[in-house]
Amino acid sequence: MEKIRVGITHGDFNGISYEIIIKTLLDSRICELCTPVVYGSAKAAGYYKGMMPEAEGFSFNIITDPEQANPKRANMIVCVDENVKIEPGQPTVISGQYAIASLNAAVRDLKAGKIDVLVTCPINKKNTTGDDFGFIGHTEYLAAEFGDAEPLMFMVSDTLKVGLVTMHIPLVRVPGAITTEAVLGHIRAIKRSLERDFRITGPKIAVLGLNPHAGDDGLLGTEEQEIIIPAIQSAKYENISAFGPFAADGFFGSGAYRKFDAVLAMYHDQGLAPFKALTFADGVNFTAGLSAVRTSPAHGVGFDIAGKMVADPAPMRAAIYRAIDIYRNRQMFDAAAADPLQHFSKNERSEKSGRNHGGDGGRQQQKGERSGGKRDADVAELLKTDETTEISAIADTDAALAAEA
């Protein structure tokens, strides 16, 4: 099997990016899995390497094109002025500019098919958000570059996967951005990603509420009843196993997230705070919904520890491993989807059966609805807490579906 070329951007070189890159690439097993190509600065790499005794014999193979990459070495394409001043811990204008230069060069090669996947080191929003860039983060930039209208910021690990309805916007703007269409669209996006990128069949998705206690039956806000529950109902009509809305504190605190394949949070900190607390070492920021594969370590620039050589490379390794796995999963999923044998969904089989057997499909559909209701009840039983708002929300959803059936 041909090795995957992994493009790695150096992010803000005044942070911990070169430390975690070098620590990760010191492990020779990385080059057994992929061919790494770093887009950055030989001077910056040498500067940080000099602080790491364990990296004394390490060096990058300098190339000008990914096609020149040595599959047994860590490769580098130099894309910045090597006279640059390095100031660990300082978010300078020049470090921001060269973070974007690295990203632009890597994306150019990703579009051209010269690298297979992209792993991005963290950037600092303060010194990259300007006229030369114009985006608040990687997710928004990559969506624009690849023409993908609805990217999903998907924080993933082996034990927890969290998607976000809203990303990098001020908290005061969050309620206005939570619409039934937005929630439903992100439920669909999570389902697609779980199936294609993670090879999960029939995934279960938990949806969080916006307000404390998931609105407490409208006492603490009506967004759950007016916006989020209708989105969950619509998802159920599409045979998506979506449940909720759940109160975020009890949901994560009780460990209920373990019962689901993914969680949809309404805003940035609602999802990322518990995710990073629970899965920091192997947590990865994955941009789902892109035509290309992009991952990143689930942490920031690390200015506070830059140059101290105490950064943990585990999240960087996880980002590389995850990018490779997703790329392979997509290959297998797409190959299966291209198979000439027809694969019918449950609905299609039910409708076909109904046409062929005098309306039996209608009975099968009713049976499916009862089965789906039982599954909701089972999940509700598993997630019982002293706060029953989320359970009543599921019951309300089922009642609404039954009334319309």
Side-chain angles (χ1 to χ4, degrees), residues 139 150-168 174 177-178 180 182-215 223-224 227-229 231-236 238 240-280 282-289 295 298 318 322 326 375-376 378-380 382-385 387 389-391 393-394 397:
T139 304
E150 284 295 332
L152 172 68
M153 188 174 180
F154 207 9
M155 310 300 292
V156 301
S157 73
D158 289 337
T159 57
L160 176 61
K161 295 176 177 61
V162 179
L164 305 178
V165 176
T166 62
M167 294 184 291
H168 300 117
V174 168
I178 302 297
T180 298
V183 174
L184 178 59
H186 284 80
I187 292 173
R188 291 170 177 153
I190 287 178
K191 177 181 182 288
R192 286 193 297 269
S193 182
L194 290 173
E195 291 176 337
R196 186 183 183 214
D197 301 324
F198 299 93
R199 300 180 66 191
I200 297 174
T201 303
K204 288 195 302 180
I205 302 167
V207 181
L208 301 182
L210 173 65
N211 298 296
H213 300 262
E223 285 85 358
E224 285 75 19
I227 296 172
I228 299 174
I229 289 176
I232 295 171
Q233 292 172 348
S234 295
K236 287 177 179 291
E238 298 177 16
I240 301 174
S241 296
F243 304 86
F246 298 103
D249 56 348
F251 181 81
F252 288 110
S254 67
Y257 63 88
R258 297 187 183 96
K259 313 295 182 185
F260 297 89
D261 297 300
V263 182
L264 179 61
M266 294 298 111
Y267 57 92
H268 187 278
D269 285 14
Q270 184 189 49
L272 267 64
F275 178 85
K276 291 185 178 183
L278 293 165
T279 65
F280 185 80
D282 66 337
V284 172
N285 181 354
F286 166 51
T287 306
T295 64
R322 187 66 69 179
I326 291 171
R375 188 177 191 183
D376 284 0
D378 290 343
V379 171
L382 287 170
L383 302 183
K384 275 185 177 176
T385 64
E387 296 174 0
T389 302
E390 58 264 38
I391 306 306
I394 291 177
T397 300

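Source: prediction; values computed, not measured.
Residue A247 comes nearest to H213 through the heavy atom pair CB-CA, 3.8 Å, listed as atom of the first residue, atom of the second, then distance. Contact between T279 and S157 at its shortest, heavy atoms only, is CG2-OG, 3.3 Å. Of all non-hydrogen atoms in A262 and L194, the two that sit nearest each other are CB-CD1, 3.8 Å. Considering all non-hydrogen atoms of both residues, A182 and A177 come closest at CB-O, 3.9 Å. Heavy atoms only, all atoms of each residue included: I187 and A231 are closest at CD1-O, 4.4 Å. Nearest approach of H168 to H268, heavy atoms of both residues: CD2-CD2, 3.8 Å.
Within the model, atoms OH of Y267 and CG of L208 stand 9.0 Å from one another, a figure rounded to the nearest 0.5 Å. How far CD1 of I200 is from CD of E195: 9.5 Å, rounded to the nearest 0.5 Å. Rounding to the nearest 0.5 Å places OG of S241 at 12.0 Å from CD1 of I232. Rounded to the nearest 0.5 angstrom, D197 CG and K161 NZ are separated by 10.5 Å. Between the CZ atom in F246 and the CZ atom in F260 there is a gap of 4.0 Å [rounded to 0.5 Å].
At least one side-chain heavy atom of Y257 sits less than 4.5 Å from a side-chain heavy atom of L278. Contact of the V207 side chain with the M266 side chain is registered, since non-hydrogen atoms from C-beta on lie closer than 4.5 Å. Contact check for L184 versus E238: side-chain heavy atoms found under the 4.5 Å cut-off. Contact of the H186 side chain with the T166 side chain is not registered, since no non-hydrogen atoms from C-beta on lie closer than 4.5 Å. By the 4.5 Å heavy-atom criterion applied to side chains, V162 and L272 are not counted as neighbours.
Tested against F154 for a side-chain contact (heavy atoms from CB on, under 4.5 Å), the candidates T287, I190, L164 yield a single pass: I190. Of the residues listed (I227, L264, I229), the one engaging P245 in a side-chain contact (heavy atoms from CB on, under 4.5 Å) is I229, and it is the only one.
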Check the pair F252 / L160 against side-chain contact (heavy atoms from CB on, under 4.5 Å), numbers first and verdict last.
CA-CA 10 Å; F252 288 110; L160 176 61; 4.2 Å; yes
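Residue R199 qualifies as open at atom CZ: its count of foreign heavy atoms under 6.0 Å is 12 or below.
Between F286 and F198, the ring planes are perpendicular. Angles over 60° get that label, and only those under 30° would be called parallel.
In this structure a side-chain-to-backbone donor-acceptor pair under 3.5 Å is missing from N285 to A298. In this structure, the side chain of E224 engages the main chain of L210 through a donor-acceptor pair within 3.5 Å. In this structure, the side chain of S193 does not engage the main chain of A189 through any donor-acceptor pair within 3.5 Å.
Taking a cutoff of 4.0 Å between a charged side-chain nitrogen and a carboxylate oxygen, D261 and K191 do not qualify as a salt bridge.
Both tests hold for K236 against F243: distance to the six-membered ring centre under 6.0 Å, angle to the ring axis within 45°.
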